[in-house]
Amino acid sequence: MMTRRTTSGLSLLAGALLGAVLMLVGLAQAGRLAPSRPEVLVALAQTLEVEHQHVDLLLKQKDVAGAIAALEALRKLEWPTRETAGESAEQLRHDVYGRLLRLRLDHPKVDPRTPDQLAEIAKEGLGDDYKSLAINAFTARMVALRGEISELRGDDDAALGAYEEALTMNRGLLQQALAGAAP
Amino acid sequence: MTARTAPVLCAMLLLLASACAKRAAHDSSMAPGEHEAAGDGLAALEHQLAQREDQLQAIGIATPPRGSAAKEATNLSGGGDAADATAPAEPAAASAPVTPTRTPTERKPDASGDRCLQVCDITAAICELEDQICGLLPRHPGDARYQAACDRSSADCQLATEACHACTAQ
């Protein structure tokens, strides 16, 4: 009787522990927990802050080619994973790629790229798992840019899908902002 | 709970990053030899960037070689289209849907004015998407999906515009 009760208690405890571990693993996989290496996020944010200032300055000097080249160089960066540096690292990547694509779309004659090449850049920047990210302006912009690129490729259905997706994200951002809870 | 605390943690980290960046900038400005060598803002930024990349490399993150970017930039500047190179500055900021700033935390509203700015930025993005969605209609006349998407985006733009106006009128 005692053994059965003990076994039952242990099973309950083990079940609870397993549940807790699975929850933690799930949260960690979703990047919603603190990054495992926060110093990576700090260093990344510092680097990008300076890079963006660099690009700002180049654009102020009307050096669009230089600005594009500086952002292109960031594509070679070994971007940290969500597990390592959290969701913010991916959002920062979307910011960089979004800025690059905006410049490329606005200045098609500078170091030209074909629509297919632009689509490849967009795919590379967005990553495979962007839909699981918390709603944010950078990802919304990237998705809208993907729509523009789809238009350039003559794929209006894909463009409409991307625009609608971006619109949904912005709708959510507006709701958050109106509620005073936007990130 | 965890999902709520994560952005706060990130915000703290980014604030720390900003503070460190300011300190680094201050440190570099305090070194007279370095500052003179930098010559202009661009050189100073490149110096800071090199420092940041060293930090990244120190914690195991590979960074692109500095020389290649500069060389690429020089090559592009030389061979780029003159008309584009003299286009108005900051096209990214001007045409970005939500005018995303440099880091997500910078957009965090800390006053009603900031919140209204954010609402109106999002409104601009929504209305730009409306233009893009409805701009597809002429190529797809009679297509119910395109028409419905245009109608919905127009309603979204109108609603967002009202929210922006209401916010700024307060």
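The basis for the numbers below is simple: all heavy atoms, side chains too, and nothing from hydrogens, waters or symmetry mates. A, B, ... follow the sequence lines: proteins, then strands. Residue 1 opens every chain.
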Could you give all pairs that pass the ring pair (Phe, Tyr, Trp, His ring centres under 6.0 Å) test and reach residues 117-161 of chain B, with sequence neighbours left out?
His140(B)-Tyr146(B)

So which pairs with a foot in residues 150-170 of chain B pass ring pair (Phe, Tyr, Trp, His ring centres under 6.0 Å), sequence neighbours left out?
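Qualifying pairs, neighbours excluded: none.
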
Tell me which of these, Asp156(A), Leu167(A), Asp157(A), has more heavy-atom pairs under 4.5 Å with chain B than the rest.
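Top count of heavy-atom pairs under 4.5 Å with chain B: Asp156(A).
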
My understanding is that only residues two or more places apart in sequence, or in another chain, count here; which of them pass side chain to side chain donor-acceptor pair (under 3.5 Å) with Gln132(B)?
Glu148(A)

same_hphob_cluster([X], [Y]) at 4.5 Å side-chain heavy-atom cutoff:
X         : Y         : result
Leu117(B) : Leu174(A) : no
Ile121(A) : Leu105(A) : yes
Leu136(B) : Leu152(A) : yes

pair Leu129(B)-Glu164(A): side-chain heavy atoms closer than 4.5 Å:
no

Any non-hydrogen side-chain atom of Gln118(B) less than 4.5 Å from a side-chain atom of Gln176(A)?
no

Taking atom CG of Asp128(A) as the centre, report whether more than 12 heavy atoms of other residues, nucleotides or ligands fall under 6.0 Å from it.
no

Atom pair CZ/CG of Arg171(A) and Leu159(B) - distance to nearest 0.5 Å:
9.5 Å

Going from CD1 on Ile133(B) to CG on Leu160(A), what distance comes out if it is rounded to the nearest 0.5 angstrom?
6.0 Å

Over all atoms of both residues, closest heavy-atom pair of Arg115(B) and Leu178(A):
NH1-O, 3.1 Å

Residue by residue, which of residues 148-158 of chain B have a heavy atom closer than 4.5 Å to a heavy atom belonging to chain A?
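Interface residues of residues 148-158 of chain B: Ala149(B), Arg152(B), Ser153(B), Asp156(B).
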
Salt bridge check, Arg141(A) against Glu128(B): does any charged N sit closer than 4.0 Å to a carboxylate O?
no

